[in-house]
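Structure first, commentary second.
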Amino acid sequence: MVKRESTGELIWGVIVETEAYSQIEEACHGYRRRSKSNETLFGSPGRFYVYLTYGIYHCVNLVTGRKDWANGVLLRSLAMPNESERIASGPGLLAKRFGLDRSYDNLEAKEANNLWLTSKPTEFKDNQIVRSTRIGISQAKNLRWRWYLQASRSISKRCKGDACPPISKAWFPIERDRQ
DNA sequence: TGTATGATTAAT
DNA sequence: TTAATCATACAA
């Protein structure tokens, strides 16, 4: 994910942890009703759905699937170059670091909007990705719809017994290419 | 109008 | 385990 600040500065990070939500399950904001607050989740895919949680933090999703059907991917953690490993580890911290709030809700993810996603900088093999149940929900706890990069120290929570290898510089090819 | 509840985090 | 903090949902 990349953001161009008003100053022109680029901030970006590699998405290392996500969760999926869908209208078919109780933990999804679109499960019960379509309303003003979750309208974005029912809208066009490719936009950001940003909401306030616990009155303090914001969470950022990318709307997926199709229009009129609530599907989204919660961005839970990013690994950022040249910053402390856990600066964006957790959905609230991620939104905070990127300065994202409700004013970004329903914004289409594209460079012209100064907030966008690019293809993953490094090919990650399937065996580098761990799947688990989702975090912080009270319903639909059985669904294993959380994924994270096993080798990242920047995820919010690690599964028991899951080791973490040293960080690879290959995650940050933009930095590498500049060097 | 009143009250309970989070897709969280940091501190105890 | 709990406080912080507020928009939303739902009951009355």
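Chain A is the first sequence line, chain B the second, and so forth, proteins listed ahead of strands; every chain is numbered from 1. Note that the structure is a prediction, hence the values are computed from the model and not measured.
By the 4.5 Å heavy-atom criterion applied to side chains, A:Glu9 and A:Lys3 are not counted as neighbours. Two residues are said to be in side-chain contact when any heavy atoms from C-beta on lie closer than 4.5 Å; A:Trp147 and A:Ser132 fail this criterion.
Within a heavy-atom distance below 4.0 Å of DNA chain C, the residues of residues 48-56 of chain A found are A:Leu52, A:Tyr54, A:Gly55, A:Ile56. Of the residues in residues 21-39 of chain A, A:Arg33, A:Ser35, A:Ser37 come within less than 4.0 Å of DNA chain C through at least one heavy atom, sorted by number. Taking a 4.0 Å limit (strictly below) on heavy-atom distances, residues 87-96 of chain A reaches DNA chain B at A:Gly90, A:Pro91, A:Gly92, A:Leu93.
In this model, a donor atom of one side chain and an acceptor atom of the other lie less than 3.5 Å apart for A:Asp162 and A:Gln150.
Each side chain to side chain donor-acceptor pair (under 3.5 Å) pair with one or both residues in residues 49-61 of chain A, not counting sequence neighbours, appears once here: A:His29-A:Tyr49.
Annotation for A:Leu74: hydrophobic cluster partners, listed by chain and number, are A:Tyr21, A:Ile137 (ILVMFWY side-chain heavy atoms under 4.5 Å, direct or chained).
A salt bridge links A:Glu39 with A:Arg34: at least one charged nitrogen is closer than 4.0 Å to a carboxylate oxygen.
Listed by chain and residue number, A:Arg76, A:Arg146 satisfy the salt bridge (charged side-chain N to carboxylate O under 4.0 Å, His left out) test with A:Glu17 (two or more places apart in sequence, or in another chain). Judged as a side chain to side chain donor-acceptor pair (under 3.5 Å), and not counting sequence neighbours, A:Glu108 has no contacts. By the salt bridge (charged side-chain N to carboxylate O under 4.0 Å, His left out) test, A:Glu26 is found to be paired with no residue, residues two or more places apart in sequence or in another chain being considered. Among residues two or more places apart in sequence or in another chain, the salt bridge (charged side-chain N to carboxylate O under 4.0 Å, His left out) test is passed with A:Arg97 by A:Glu83.
Distance alone, capped at 3.5 Å, places no donor-acceptor pair between the A:Asn113 side chain and the A:Lys110 backbone. The backbone N or O of A:Ser89 lies less than 3.5 Å from no partner atom in the side chain of A:Ser156, so there is not a single donor-acceptor pair. One N or O on the side chain of A:Tyr148 and one on the backbone of A:Cys159 form a donor-acceptor pair closer than 3.5 Å.
Put simply, chain A comes within 4.0 Å of DNA chain B, heavy atom to any atom, from B:dG6 to B:dA10, going 5' to 3'.
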Using Watson-Crick and G-U wobble pairs with both distances under 3.5 Å, what is the 5'-to-3' dot-bracket string of DNA chain C, with [ ] for crossing pairs and | for pairs outside the strand? ||||.||||||.
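Within the nucleic acid shown, A:Leu74 comes within 4.0 Å of at least one base atom, counting heavy atoms only.
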Can you give each donor-acceptor pair under 3.5 Å made by side-chain atoms of residues 138-145 of chain A, sequence neighbours left out, with the distance rounded to 0.1 Å?
{"from": "A:Gln139", "atom 1": "OE1", "to": "A:Arg32", "atom 2": "NH2", "distance (Å)": "2.9"}
{"from": "A:Arg144", "atom 1": "NH2", "to": "A:Arg131", "atom 2": "O", "distance (Å)": "3.4"}

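A pairwise comparison of heavy atoms in A:Trp116 and A:Thr118 identifies NE1-CG2, 3.4 Å as the closest pair.
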